[in-house]
Every structure is written in C-alpha cells, then in structure tokens.
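In the text below, chain A, chain B and the rest are named by the order of the sequence lines, each starting its count at 1. Values below: all heavy atoms of this structure, side chains included; hydrogens, waters and symmetry mates excluded.
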2 protein chains.
Amino acid sequence: MSEFHANSSDPRITAPHIQAILSQHGYRLTGPRGWIVDQALQHDRPFTAEQLVAELRDHQDGRAAGIGRATVYRTLEILASVDVLSRVIQPNGSAAYVVEAPGHRHHLVCSSCGTTISFTACPVDTLVNTLTADTSFTIHDHLLEVFGTCPDCQEPADS
Amino acid sequence: MSEFHANSSDPRITAPHIQAILSQHGYRLTGPRGWIVDQALQHDRPFTAEQLVAELRDHQDGRAAGIGRATVYRTLEILASVDVLSRVIQPNGSAAYVVEAPGHRHHLVCSSCGTTISFTACPVDTLVNTLTADTSFTIHDHLLEVFGTCPDCQEPADS
DNA sequence: TCATTAGTTGAGACATTGTGTCAATTATCA
DNA sequence: TGATAATTGACACAATGTCTCAACTAATGA
C-alpha cells in the first residue's frame, strides 16, 4: 500500500489556496478567517477548536487576539465542509481537525502523543456493499478511526 | 454473511441474568441499578444516558424517580464495561447505548429513526495488520460506525 | 468613491454531556 | 447484628459546542 503518509511530510496547502477555495464556495475573505487559516496551517497534528482559540488569544497580532470562540468553531466547520480540514475523532470521543489533502481519509491516531497518520485505504467499501445488499439501508457515511501507540511512544524494545 | 441481526429480534437478555453478571464482576446489586437495567431493557434502539434519566424521572415507582443523573451515567458505564451494553457513536458524535449480545460489534444506524443493526463482521482486522506492518504502531482499538437510512425511512420507491 | 446589502463577527447566554466531590446510605459479609 | 466498603444523590464544575443579536464589513454595483 502506498497511500500512507504522515501529515508532516505532506506537500502543504497554502493560505492563498485555501482563501481561493473559500471564495469559490461563496465565503467571504475576512481577517478572522485568514488568521484562523494561518494558525491551522501551523499544525502538523490534530488540533482542537479550543486549542486554536487559545493560540489566537495569544497571537502577536492584537487583532487576531480578539477573535471570538464562536467564530473559530464556525470557521473550522466551514473549512471542514470545503474539505480543507478533516475532522478526526479522538480516542476520548471529542473532535479535532487536521490539515490535509482532500479526499476520503481515515486516521491512525497515537493515543499518547497525538501523532496522526492518514490513509485512503477504506476497508469499509466492501462492507458497505454487503450491508446495502443485506439490509436495504441506503448508506450515507461511516466513521472509522484507528487508535494505537506510535513507535516513539512505545516502551523501548529492551534494555 | 449471517452475522447481521436487528436488535429487536435478539433473544433478549434478562434482568436477572444481568444482575448475575454484575455480581460476578463484584458489583453490588442495588435498587438503582435494578431500575436502570429494567429501563434499559425496554429499549430496542440506542438510547442516551439523558434519555434514560428522563424516563426514570417519570417512573411509576417513586423510588426510581429519585435516581441521580450521575448514578445513571456511572451505571451505564459499568454495564458497558461488563459487555451487557454496547456504546454506539451517533452521527452527531454523541454516545448512546444498546442492549445486545456481547462481543466485538459495529453498528449500522439509521440517521432518521435510530434503528440499529449490529454486525460482527469487522473489515478492520485486515487493515489493522497492514497498518501495524507499515507504521509500527501498536494498535489498541478502533471506532467504526456506519450511517444510513433504513428501508422504512426511505422515500417510497415510486408513486 | 460611495452607498447598499447580505454575510460575518464577537459577546455572552445557554445547552449538552459528562466528571468529581462528599456526606449519607446501604449491600455484603463475618 | 455490626462493621465496612461500595454506592448513591446532590450539586458544583468542566469541556465542547450552539444560538442570538446588535455591530461590523466585504462585495457589489452605481
């Protein structure tokens, strides 16, 4: 399989690109959105909305420091809806976001340090076909996250 | 595949059986736990903790009506830990519980009416092996829920 | 450039879903 | 029956969002 990749090695999407995507979707280009996008791009790993709120509150640019919580939540939701961010369910059940190339992805998340590896292989496709045939459900979506411990967080192999 | 089954057609587990399981695990058999188990058994579909709290508050048995929220949350957690209940993630991300036979299960949930079909087929097993080999993660767990619309909630096929 | 207008924002109240504490209660066991 | 430790209910608190609304502002066309 070649569809594994650590987020940190992604060819990163740029702020102007994201702004263009927002514009294409009919969203206005505002200061707050720009700062939120910039801040989101600083992250290689999943970040939560509250985390971003805190970071922005301490932002060197005083204007960015005044961003409201609701705006951050709303903007992250928009960014996820236009496929710039991807929502990741954390082991504790709460939501986080990661910046990554668009498309259908799932994540392998380290429960210890949060390192995330995304993969496009979706073993659910076959299952969905079977479920559709067997249950007559119309299947819209699915949620798949895999949790584990990354090599760095594992106990040293031996002495 | 023969491991599909609607919860409503399960040979249901009984309250005494559940009490025995709790006892085997070293939990005391108390009034509140009995009422919570009874109320949980009323459900064929996933129910939330708050839903159960509300139902118990309106319980004909005045004593049951006095159960505290925390007790309900705690007891549901215990019941899930001894495999009497299974925790299901809803499309909105919140948790619900279903009564069902123990074992590793996933769920197909109707986003419209909440009907749940559980299945034991787990397409993630193979993926886990691949991920383990490719990433050196130690994989502990995974989350898989499938969402769709059940036949009853779909638009009538034609006129 | 300027006025219009609809999308956006920040503040803060509110909602949901839990968790933590603690004194009072109670099931269990000797 | 007593002793003891688990359990309970009440309530405070926390995390994570959502909603409303007046003020603001980006985008548009004149």
Protein-nucleotide distance ([X], atom [atom1]; [N], atom [atom2]), rounded to Å:
{"X": "A/L56", "N": "C/dT9", "atom1": "CG", "atom2": "P", "value": "12 Å"}
{"X": "A/I67", "N": "C/dG12", "atom1": "CD1", "atom2": "P", "value": "16 Å"}
{"X": "A/H25", "N": "D/dA27", "atom1": "NE2", "atom2": "P", "value": "16 Å"}
{"X": "A/L29", "N": "D/dA26", "atom1": "CG", "atom2": "C1'", "value": "9 Å"}
{"X": "A/Q51", "N": "D/dT16", "atom1": "CD", "atom2": "C1'", "value": "14 Å"}
{"X": "A/R63", "N": "C/dT8", "atom1": "CZ", "atom2": "C1'", "value": "16 Å"}
{"X": "B/L22", "N": "C/dA27", "atom1": "CG", "atom2": "P", "value": "15 Å"}
{"X": "B/Y97", "N": "C/dT17", "atom1": "OH", "atom2": "P", "value": "12 Å"}

Requested in this report: Scan A/G31 against the nucleic acid and name what it touches under 4.0 Å (heavy atoms): base, sugar-phosphate only, or nothing.
Outcome: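 Contact class for A/G31: none.
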What is the nucleic acid contact for A/Q90, judged by heavy atoms within less than 4.0 Å: base, sugar-phosphate only, or nothing?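 Nothing, no heavy atom under 4.0 Å.
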Exercise. Is any side-chain heavy atom of A/T115 closer than 4.5 Å to a side-chain heavy atom of A/R45?
Worked result: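 A/T115 reaches A/R45 side chain to side chain.
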Nearest to the side chain of [X], heavy atoms from C-beta on, is which of [options]?
{"X": "B/T30", "options": "C/dA27, C/dT9, C/dT17", "value": "C/dA27"}
{"X": "B/P32", "options": "C/dA11, D/dT8, D/dT25", "value": "D/dT8"}
{"X": "B/R28", "options": "D/dT18, D/dT8, D/dA6", "value": "D/dA6"}

Taking the nucleotide of DNA chain D with the nearest heavy atom to each, does A/T48 or A/A70 sit closer to the 5' end?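 First, find each residue's nearest nucleotide; the 5'-ward one identifies A/T48.
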**Message:** Taking B/R74's backbone N and O only, do any of them form a donor-acceptor pair with B/E77's side chain (distance below 3.5 Å, no angle check)?
**Reply:**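 No, B/E77 side chain to B/R74 backbone: no donor-acceptor pair under 3.5 Å.
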I'd like to know if the side chain of A/T135 reaches the main chain of A/L131, judged simply by a donor and an acceptor atom lying under 3.5 Å from each other, with no hydrogens or angles considered.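 Yes; at least one donor-acceptor contact below 3.5 Å.
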Discussion item. Side chains of B/Y73 and B/E50 only: does a donor on one sit below 3.5 Å from an acceptor on the other?
Written reply: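 A pair is found: one side chain offers a donor N or O, the other an acceptor, under 3.5 Å apart.
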Worksheet item: Between B/E50 and B/R74, who's closer to the 5' end of DNA chain C by nearest nucleotide?
Response: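 Closest to the 5' end, via its nearest nucleotide, is B/E50.
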Between A/R69 and B/S94, which residue's closest nucleotide on DNA chain C lies nearer the 5′ terminus?
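Upstream on the strand: A/R69.
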Next on the checklist: For A/H140, is the NE2 atom crowded, meaning more than 12 foreign heavy atoms sit under 6.0 Å from it?
Outcome noted: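 Enclosed.
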